[in-house]
Trainee: 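After the structure tokens below, expect a handful of questions from me.
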Protein chains: 2
Amino acid sequence: MKKLNVANYLLENKIKPSYQRKRIYEYLLEHRNHPNVNVIYDALIDEIPSLSKTTIYNTLKLFVQKNIVEEITIEGNEIRYDLYNPNSHGHFRCDICKNIYDIDLDEEKKDEIADLKGFKVQKAYYHFKGVCKECLEKQKKKT
Amino acid sequence: MKKLNVANYLLENKIKPSYQRKRIYEYLLEHRNHPNVNVIYDALIDEIPSLSKTTIYNTLKLFVQKNIVEEITIEGNEIRYDLYNPNSHGHFRCDICKNIYDIDLDEEKKDEIADLKGFKVQKAYYHFKGVCKECLEKQKKKT
DNA sequence: ATTCTTGCAAATCATTTGCACTTTA
DNA sequence: TAAAGTGCAAATGATTTGCAAGAAT
């Protein structure tokens with residue numbers, strides 16, 4: 001049932017649903033943890049031993065072009081990925097555990113926050129860094 | 001006069017003002033264009049032929065540690081730098097000319113935009129991408 | 001003389017590219 | 001069987017690391 005849905009969804013977006021593409025999309029669907037290419041690779045390599053990182057790069061680039069996935073560049077050295085999410089939201093990166101969390105944004109304030117006179121804005125990103133709840137609690141316990 | 005100021009400023013921040021460090025800091029002071037390491041290297045290599053990129057990396061890392069410079073990770077593949085600026089502001093990256101512009105933010109809305117319950121936020125970044133005024137006008141002319 | 005700074009060369013890491021093999025319609 | 005998809009191996013580009021030579025106190 002689920003596999004059928006993903007295949008259809010890809011087809012609707014003019015993407016041929018190869019096995020690799022389906023599994024990569026399903027990974028993103030089931031793990032909303034903003035993975036990078038290595039995380040996806042490690043997760044799928046046992047199941048698809050022939051899988052190469054090139055294919056993951058190719059696939060994600062295709063997904064981004066077709067607007068069903070978006071890139072998150074919250075860290076300087078790597079690109080992370082998530083399903084395309086039309087609801088505006090921000091990202092919080094924990095300095096300790098490196099996890100990235102989705103953050104709800106106030107729709108109105110978001111649009112009024114910046115004075116972008118003359119510039120044509122296509123995308124807006126709201127990134128926060130600090131320490132997440134879990135890591136804060138772990139720190140407390142140590143003391 | 002200016003050189004003396006920079007040297008003193010570095011000393012105040014517990015940084016020994018070597019020639020390279022002074023010139024790199026002065027570059028950032030005089031060019032508020034959010035350069036990456038290569039841009040700084042190209043700008044200084046004629047004047048300091050022995051300069052290496054390693055030194056620029058070392059120096060910028062030191063400046064960031066000492067909180068007089070900040071990193072801007074608006075693009076996935078490179079780190080750009082700017083003087084540390086305590087006034088909250090955002091960045092706009094033009095997809096055409098790749099320039100990065102500072103953007104004024106509404107102080108109040110900025111703080112109320114996100115519901116970060118339980119998370120300890122240390123830094124917030126507001127990034128916008130699109131087409132800048134100049135490039136928009138160039139596009140119009142072509143038509 | 002000891003410590004700090006510089007910078008070369010090599011290593012690393014994420015990503016891209018060229019190309020040949022395989023799969024699929 | 002032509003077109004599309006995959007994946008190996010090499011290339012690229014940004015950044016880091018190890019280390020030796022040079023400068024400063």
Side-chain angles (χ1 to χ4, degrees), chain A residues 3 6-8 10-11 13-27 34-66 68-81 93 98 100, chain B residues 3 6-7 10-11 13-25 27 34-66 68-81 93 98 100:
Chain A
K3 301 233 170 177
V6 168
N8 282 343
L10 294 180
L11 278 170
N13 287 280
K14 305 197 195 304
I15 296 164
K16 282 195 192 168
S18 73
Y19 186 63
Q20 286 85 337
R21 288 172 178 176
K22 280 187 288 181
R23 293 301 294 123
I24 291 168
Y25 191 83
E26 280 165 6
Y27 180 88
H34 313 85
N36 59 24
V37 165
N38 278 320
V39 169
I40 299 174
Y41 180 83
D42 291 343
L44 298 180
I45 189 62
D46 284 343
E47 181 193 347
I48 317 173
S50 70
L51 184 65
S52 90
K53 290 187 187 175
T54 303
T55 296
I56 303 178
Y57 280 109
N58 288 340
T59 300
L60 291 171
K61 181 177 281 184
L62 179 68
F63 287 174
V64 169
Q65 272 171 207
K66 300 294 189 184
I68 66 171
V69 159
E70 57 191 334
E71 300 183 341
I72 299 166
T73 60
I74 197 168
E75 312 196 65
N77 51 338
E78 63 173 17
I79 301 178
R80 287 162 171 258
Y81 297 87
R93 206 280 312 261
K98 310 296 183 196
I100 292 181
Chain B
K3 302 229 169 178
V6 168
L10 294 179
L11 278 170
N13 287 280
K14 305 196 195 305
I15 296 165
K16 283 196 191 168
S18 75
Y19 185 63
Q20 286 86 337
R21 287 170 178 177
K22 280 187 290 182
R23 294 300 295 122
I24 292 169
Y25 192 83
Y27 180 88
H34 314 85
N36 59 23
V37 164
N38 278 319
V39 168
I40 300 174
Y41 180 84
D42 291 342
L44 298 181
I45 188 62
D46 285 341
E47 181 194 346
I48 316 172
S50 71
L51 184 66
S52 91
K53 289 186 188 177
T54 303
T55 297
I56 303 178
Y57 280 108
N58 288 340
T59 300
L60 290 171
K61 181 177 280 184
L62 180 68
F63 286 174
V64 169
Q65 272 172 208
K66 299 294 189 184
I68 66 172
V69 160
E70 58 190 333
E71 299 183 342
I72 300 166
T73 61
I74 196 169
E75 313 198 63
N77 52 339
E78 63 174 15
I79 302 177
R80 288 162 171 258
Y81 297 88
R93 204 281 310 262
K98 310 297 181 194
I100 292 180

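Naming convention: chains lettered A, B, ... in sequence-line order (proteins, then strands); numbering from 1 in each chain.
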Trainee: Rounded at 0.5 Å granularity, tell me how far CZ in B/Arg93 sits from OG1 in A/Thr73.
Mentor: 9.0 Å
Trainee: A side-chain contact here means heavy atoms from C-beta on lying under 4.5 Å apart; do B/Asn38 and B/Lys53 qualify?
Mentor: yes
Trainee: Rounded to the Å, how far apart are B/Ile48 CD1 and C/dT5 P?
Mentor: 16 Å
Trainee: Of A/Ile56, A/Ile100, A/Ile40, which is the lone residue that meets side chain to side chain contact (heavy atoms under 4.5 Å, CB included) with A/Pro35?
Mentor: A/Ile40
Trainee: One pair to check against side chain to side chain contact (heavy atoms under 4.5 Å, CB included): B/Asn36 and B/Glu75. What are the steps and the verdict?
Mentor: CA-CA 11 Å; B/Asn36 59 23; B/Glu75 313 198 63; over 6 Å; no
Trainee: Rounding to a whole Å, what distance do you find between B/Lys66:NZ and C/dC4:C1'?
Mentor: 13 Å
Trainee: Does any part of the side chain of B/Tyr81, heavy atoms only, come nearer than 4.5 Å to the side chain of B/His34, both counted from C-beta?
Mentor: no
Trainee: Think B/Ser18 has a side-chain N or O under 4.0 angstrom from the OP1 or OP2 of C/dC4?
Mentor: no
Trainee: Report the distance from atom OH of B/Tyr19 to atom P of D/dA24, rounded to the nearest whole Å.
Mentor: 13 Å
Trainee: Please examine the side chains of A/Pro17 and A/Ile15, heavy atoms only from C-beta on, and report whether any two atoms are closer than 4.5 Å.
Mentor: no
Trainee: To the nearest 0.5 Å, tell me how far B/Lys16 NZ sits from B/Arg21 CZ.
Mentor: 8.5 Å
Trainee: Name all residues meeting the ring pair (Phe, Tyr, Trp, His ring centres under 6.0 Å) criterion together with A/Phe63; count only those two or more places apart in sequence or in a different chain, and write none if there are none.
Mentor: A/Tyr25
Trainee: Would you list the protein and nucleotides 20-25 of chain C atom pairs, both N or O, that sit under 3.5 Å from each other?
Mentor:
none

Trainee: Atom CZ of B/Arg23 and atom P of C/dT6: how far apart are they, to the nearest Å?
Mentor: 14 Å
Trainee: Both A/Leu62 and A/Pro49 contact DNA chain D. Taking the nearest nucleotide for each, which residue is further toward the 5' end?
Mentor: A/Leu62
Trainee: May I have the distance from B/Tyr41 (atom OH) to C/dC8 (atom C1'), rounded to whole angstrom?
Mentor: 11 Å
Trainee: Just the rounded figure in Å: distance from C1' of C/dT5 to CZ of B/Phe63.
Mentor: 13 Å
Trainee: To the nearest Å, give me how far apart CD1 (A/Ile24) and C1' (D/dG7) are.
Mentor: 12 Å
Trainee: Examine C/dT6: is either OP1 or OP2 under 4.0 Å from a nitrogen or oxygen in the side chain of B/Ser52? Give yes or no.
Mentor: no
Trainee: For the CG atom of B/Leu10 and the OG1 atom of B/Thr59, what is their distance to the nearest 0.5 Å?
Mentor: 10.0 Å
Trainee: Between atom CG in B/Leu60 and atom C1' in C/dT5, what is the gap in whole Å?
Mentor: 15 Å
Trainee: If the sugar-phosphate is the primed atoms plus P, OP1 and OP2 and the base is the rest, what is the B/S/- string for nucleotides 13-18 of chain C, using protein heavy atoms under 4.0 Å?
Mentor: -SBBB-
